[in-house]
J.: 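Just passing along the structure, written as structure tokens.
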Number of protein chains: 2
Amino acid sequence: MNSKKTTIHDIAEKLNITASTVSRALNNNPRISEATKKAVLTMAKDLNYQPNNLAAALRKGKSQLIGIIVPRINRSFFSAVVRGVEEVANQLNYRVVVSQSLETVENEIAVVNTLLNARVDGIIVSLVGEKSTDYEHYENVTKKGVPLVLFDRTTTEIGTSQVIIDDYLGAYMATEHLIKQGCTKIAHFTHKKRFNIYNERYRGYVEALKNHNIPFNESLVCEGNMQLEDGRNCTKRLLDTDNDFDAIFSSSDYAIMGAMQVLKERNVKIPEEVALVGFSNEPFTSFTDPPLTSVNQFPIEMGQAAAELFFEMLNSTKKKLIPQKTVLQPELIVRASSLKLEH
Amino acid sequence: MNSKKTTIHDIAEKLNITASTVSRALNNNPRISEATKKAVLTMAKDLNYQPNNLAAALRKGKSQLIGIIVPRINRSFFSAVVRGVEEVANQLNYRVVVSQSLETVENEIAVVNTLLNARVDGIIVSLVGEKSTDYEHYENVTKKGVPLVLFDRTTTEIGTSQVIIDDYLGAYMATEHLIKQGCTKIAHFTHKKRFNIYNERYRGYVEALKNHNIPFNESLVCEGNMQLEDGRNCTKRLLDTDNDFDAIFSSSDYAIMGAMQVLKERNVKIPEEVALVGFSNEPFTSFTDPPLTSVNQFPIEMGQAAAELFFEMLNSTKKKLIPQKTVLQPELIVRASSLKLEH
DNA sequence: CTGTTAGCGCATTCAT
DNA sequence: ATGAATGCGCTAACAG
């Protein structure tokens, strides 16, 4: 019926008060009498009043919106991080808008711009690029004083707060676990792009070997894009070049899934002949046969931590806050794919 | 440095023209000379101008934003639909904001309100409730003239456009496939909430049995929430009540995954003793052992179709457009979990 | 092709 | 405890 949008002025008119009073009442300003507050609220409901956040945001210069950018939202890890951010944000009456960079820097640049145009109050992002030149658009963000928080795929080249898990430790635990299962020829799948997280996992792998006096064999390391197909290719290469190996620690669950497929196709027994460990604890890892051992990155907690860092930055008075770094502890989830010994 | 935000007025001042001209130039208005356009563009870049969409949206009364609401974003099906919507929307210079209802009507109501407050130009949603009273908040949406499009979990109780796959057909194909594999005692897992899609799948299952002269056995139908655990419980019940069954068609991939787990635990051979078919073609279905047969719902196409319906509504002059309905054809993806016969 | 004017809906300073 | 006045940044009549 009343298709005309009702504004605070309409409410004011009906009540013979001014729009300012209505505005204050709706915002629960303590200087407004309970009586008028109640009157305003009922009238607002009667007129089917819908607040216009755009107007408020324009006026206040803040939108109560946090933009979050992830490579892709259909990764369980990333959608769980989003949930973590939302939990904290919603509590504080902030909303979250999610964007995908779809693994390209170009998309990321476009998305950052969209968020900036939308006047989000801050941006939380897992980076898509690994080179210095891939970060230039974030200078624009920090320069504008928009709080920026990085998570998971981070860099120190942007001087801002970040939250990560201890990837080194996760990889170390994973590798050590394989060693304790009796594996001595452990292959490693890593990303060909040198993201910090993959470097750290690589480092953890190498260190664990070293600390257990197991020789590092470069030909057992395979680089790829960490997709299923990369895992397949790496595994085939290992098998076809008759490199001797009795385990694979992959920095990605998808790649280790590819390994499992190829090993099964070639009738290699898992874990007896080759034990497998992945990284991220994607839900499907518990659906495979045998179920896959993996490293839990605590994505919800990571999202919460990122949100908390964001609000710290937001509420900090000083322009230049010292960048904080939250480091979460990973957890090795042991499943049958790596269990050669019964306990 | 120049922390002060630059506006079109700043650009205008520097160039000794007016803000309107700048606005027109930035919007590529044909009535502006190429010379001034170029001048404005360079000056904008020089001053690091960032357009304020909030202001434009407030002024124009439209935000170039589409809100999409899904039960949960970490379902591959839903995130793929989002991608489909984005593809069409971005083409037309619209952005998409994603919200999760997390399976509760209360959340959905809150989220709808948030989107309305944010003045999205339309809402695309997969419903979370199945009762009439669960839809009341959408009257608010349609009444305000905000285009609304439903997908997947839809209802005819809200008079608006929708896009679905032919769930009846998908279920029919799945069931018929099992019959052709020689199965005659086919169990069915369905949702205890009577969403239209589950009703249709149930109908397809029953019709396929009937058309092949296979008696319908009510005790082989099990209701639940369509999660993994529900599939486990249903399967245990079937086994423990020694109902004779040689196949399960589940309206959910997660539930059929639960079935697979229990059957394996009890050493029931898949597909020889019990053949399995799921619904949705979630990526993990190809990771299981044996891989799961499932029904492809073409989520990207569904998202695209939903976006197209939205833009039709948006561009329609008449207030009351006749609700459209797009029905996509499903596809049965046959994998080893249901293949008793070699071809 | 460009300028003038006005206002989208709201929050806020300064009054009273 | 409330009102009056102003402007956030932008676009869109209307005018010329």
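Every chain is numbered from 1, with letters handed out A, B, ... down the list of sequences.
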J.: For B/Leu54, which contact category applies under a 4.0 Å heavy-atom criterion: base, sugar-phosphate, or nothing?
T.: nothing
J.: Under 4.0 Å: is that the gap between some side-chain N or O of A/Asn52 and OP1 or OP2 of C/dC8?
T.: no
J.: Respond yes when some side-chain nitrogen or oxygen of A/Thr18 is under 4.0 Å from OP1 or OP2 of D/dG3, and no when none is.
T.: yes
J.: In whole angstrom, give the distance that lies between atom CD1 of A/Ile11 and atom P of D/dT2.
T.: 15 Å
J.: If the test is side chain to side chain contact (heavy atoms under 4.5 Å, CB included), which one of B/Ile164, B/Asn196, B/Ile197 qualifies with B/Asp152?
T.: B/Ile197
J.: Can a salt bridge be assigned to the pair A/Glu301 and A/Arg83 using a cut-off of 4.0 Å between side-chain N and carboxylate O?
T.: no
J.: Which whole-number value in Å describes the distance from A/Leu26 CG to D/dT2 C1'?
T.: 15 Å
J.: Which residues pass the side chain to side chain contact (heavy atoms under 4.5 Å, CB included) test with A/Leu41, not counting sequence neighbours?
T.: A/Leu26
J.: Taking for each residue the nucleotide of DNA chain C with the nearest heavy atom, is it B/Glu34 or A/His9 whose nucleotide lies nearer the 5' end?
T.: B/Glu34
J.: State whether B/Ser23 places a side-chain N or O below 4.0 Å from either non-bridging phosphate oxygen (OP1 or OP2) of D/dA12.
T.: no
J.: Nearest to the side chain of B/Leu58 - D/dT2, C/dG9, C/dT2?
T.: C/dG9
J.: Can a side chain N or O of A/Thr36 be found less than 4.0 Å away from OP1 or OP2 on D/dT2?
T.: yes
J.: Specify the separation, in whole Å, of atom CG of A/Leu15 and atom C1' of D/dA1.
T.: 15 Å
J.: Rounded to the nearest 0.5 Å, what's the gap from CG on A/Leu309 to CD on A/Gln162? Could you check?
T.: 9.5 Å
J.: Which residue lies toward the 5' end of DNA chain C, B/Ala55 or B/Pro30, if each is placed at its nearest nucleotide?
T.: B/Pro30
J.: Does a side-chain N-to-carboxylate-O contact under 4.0 Å join B/Arg75 and B/Glu103?
T.: no
J.: Base, sugar-phosphate alone, or nothing: which one does B/Asn27 contact when heavy atoms must sit under 4.0 Å apart?
T.: sugar-phosphate
J.: Which protein N or O atoms sit under 3.5 Å from an N or O of nucleotides 13-16 of chain C?
T.:
residue	atom	partner	partner atom	Å
C/dT13	O4	A/Arg24	NH2	2.7

J.: Figure out the CZ/C1' separation between A/Arg59 and D/dA5, and round it to whole Å.
T.: 11 Å
J.: Provide, to the nearest angstrom, the distance between the NZ atom belonging to A/Lys62 and the C1' atom belonging to C/dA11.
T.: 13 Å
J.: For the residue pair A/Gln50 / A/Lys5, report whether a side-chain donor-acceptor contact shorter than 3.5 Å exists.
T.: no
J.: Taking any heavy-atom pair under 4.0 Å as a contact, classify A/Asn117: base, sugar-phosphate, or nothing.
T.: nothing
J.: To the nearest 0.5 Å, how far apart are CE in A/Met43 and OG1 in A/Thr6?
T.: 10.5 Å
